[in-house]
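Heads up: the structure comes next, in structure tokens.
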Amino acid sequence: MSEDIIKRVDPVLADREADIELNILATKGGGKFVDKALTRYNSEARLQFEGGSVPTADGTTFRAKGRKDRAVVPNFAGRILDKICQYMFSEKPNREGADEDFLGDVNLMGWSVNRFMGEVLKLRWSAGWCWLHVDAPSTSGLTIAEKQAASVRPYWSVLSPLSVPDWKYDEQGNLEWLVHHYEVIEKAGPLDPVNKYTVREVWERGVKTVFRIVEGRIVGSEQMPAPQKIPFRVFGEITDDPIPFDDIRALQSCILDLESTLETALFQQVYPQLVLPAGVLDRIKADLPPGEGGNAVDLILGGSYPILETAEEEGITRYVMPPAAELQIIRTDISERKKALHETVGFAMKPDSRAAESAEAKAYDIMDIKKLLGEQSQEVEGAEAWLVETSTELDPSFASYEPKYSKEFTVDSVEAEFERLIQAGDVADTPEFRRQLHKAAFNLALKLSSFSPDEAEQKAILDEIAAADLSGAGDLEGLLIGNDSENES
């Protein structure tokens with residue numbers, strides 16, 4: 001195959017590549033996101049922005065931190081995705097028949113199935129699409145017992161769009177071929193050199209070609225058998241259109257710039273600097289032995305640099321800073337951007353407790369979130385079902401199962417949910433109605449960190465609810481907290 005395989009990129013991915021990279025960095029936060037996202041002022045010197053080596057009076061240098069080194073922003077994008085995953089897996093999916101050992105490590109890296117599917121969901125949100133991949137070592141000639149003993153089994157991978165640079169579907173919507181790109185670091189031994197190179201795998205029906213690339217050149221290739229069905233599947237929608245997460249990332253970038261601007265203004269305004277008459281330095285130099293005059297500043301302040309000025313120069317060299325009232329405008333704008341970010345994703349993670357919100361508006365917001373989570377749940381369930389199906393095709397001894405995700409989610413506080421159950425208890429006029437409310441209250445209590453009965457204790461509680469005589473009248477609040485009229489007497 002020609003050298004084109006080295007740089008081959010689908011046009012849709014090429015158009016979205018920069019946004020996808022920055023979106024994924026936004027979900028992780030930290031220095032890499034700051035390095036890519038922080039804006040340099042038009043008139044800002046490189047030393048001020050990036051930092052660098054600065055000479056001192058004694059001929060040495062020190063590493064001065066630039067604005068980029070000091071910049072920091074809370075990882076709102078990552079927290080938003082963590083919250084979505086928290087909602088998604090708050091109700092444990094049903095995976096009856098699955099191998100528990102496999103569910104605890106689906107990718108041979110110690111990731112549980114919920115963590116893996118959470119990463120799938122995060123990439124779907126942040127990048128617009130991702131790729132699922134199932135691979136399995138050859139099991140030819142091995143018995144089931146031998147495979148289990150050697151931990152030879154299928155394993156799953158989730159790949160960002162940047163790891164699959166090109167692909168093609170046939171007219172029936174099946175993958176015809178696909179290119180998988182990744183980096184390899186080889187460490188043969190503690191005394192051997194570390195080798196780094198790039199791999200591009202070209203998957204076709206029945207064959208896989210592996211290209212080894214070093215410094216932009218193909219240095220080797222190898223062909224090997226592969227399944228007739230290419231074991232990759234896209235999750236999400238491949239499109240060059242902007243996605244909602246672009247706005248979330250853009251707002252986080254804007255907040256980063258504003259926070260950095262405010263920090264720099266405060267840093268330059270409040271950092272204390274000593275101002276001395278210029279003659280002081282001359283007098284100290286005159287008192288020092290020959291050749292020691294360069295250490296005069298060190299003797300004054302232990303290595304820091306005072307400001308030296310004559311009476312005629314007083315007030316000439318100063319930072320020109322905005323008044324405190326104008327700095328407050330930056331703080332206000334940062335707060336407004338944070339609110340806009342939360343509204344963009346569809347729910348406020350920190351609602352303003354001082355603002356009155358109508359029951360209708362609150363219910364609309366909650367229903368909107370539940371609808372979104374329900375749709376996402378259906379998609380994630382289908383993705384996991386494909387992973388299970390493909391694993392079984394690669395290894396018929398794989399413990400197949402049918403994942404079932406909850407389509408109903410609790411997005412309000414536990415306290416508010418309990419309040420709704422208590423209100424429902426006011427009209428619970430049949431024993432079975434009250435029994436179901438008790439079960440609902442028990443399931444809700446399991447979400448409390450302070451309430452953690454084991455499986456045997458949970459079964460005992462449910463058995464007690466099933467056997468309890470709930471024919472007597474009484475509101476659910478009294479039954480829940482154990483102070484109904486019968487107990488009070």
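Just so it is clear, the model here is predicted, and its values are computed rather than measured.
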- Query: Between Phe102 and Tyr155, is the gap from one ring center to the other below 6.0 Å?
  - Reply: no
Inter-residue atom distance [X].[atom1] - [Y].[atom2], 0.5 Å rounding:
{"X": "Arg249", "Y": "Asp246", "atom1": "CZ", "atom2": "CG", "value": "5.0 Å"}
{"X": "Ser126", "Y": "Phe245", "atom1": "OG", "atom2": "CZ", "value": "5.5 Å"}
{"X": "Leu178", "Y": "Trp131", "atom1": "CG", "atom2": "CH2", "value": "5.5 Å"}
{"X": "Tyr169", "Y": "Leu175", "atom1": "OH", "atom2": "CG", "value": "4.0 Å"}
{"X": "Asp10", "Y": "Glu17", "atom1": "CG", "atom2": "CD", "value": "10.5 Å"}
{"X": "Trp129", "Y": "Arg124", "atom1": "CH2", "atom2": "CZ", "value": "11.0 Å"}

- Task: Just grab all the side-chain hydrogen bond (donor to acceptor under 3.5 Å, both in side chains) pairs involving residues 223-234, residues at least two apart or on different chains.
- Result: Thr209-Gln223, Lys229-Glu393
- Can you list every side-chain hydrogen bond (donor to acceptor under 3.5 Å, both in side chains) pair that touches residues 98-120, not counting sequence neighbours? Arg95-Asn114
- Testing Glu379, Gln378, Glu384 for side-chain hydrogen bond (donor to acceptor under 3.5 Å, both in side chains) with Tyr405, which one passes? Glu384
- Task: Not counting sequence neighbours, list each pair that qualifies as a salt bridge (Lys or Arg N to Asp or Glu O under 4.0 Å) and has a residue in residues 160-169.
- Result: Arg8-Asp166, Lys168-Glu176
- Note on the structure: Sequence neighbours excluded, the answer for side-chain hydrogen bond (donor to acceptor under 3.5 Å, both in side chains) partners of Lys122 is Asp82
- Item | Partners meeting ring pair (Phe, Tyr, Trp, His ring centres under 6.0 Å) with His133 (sequence neighbours left out) | Trp203, Phe232
- Item | ring pair (Phe, Tyr, Trp, His ring centres under 6.0 Å) partners for Tyr182, two or more places apart | His180
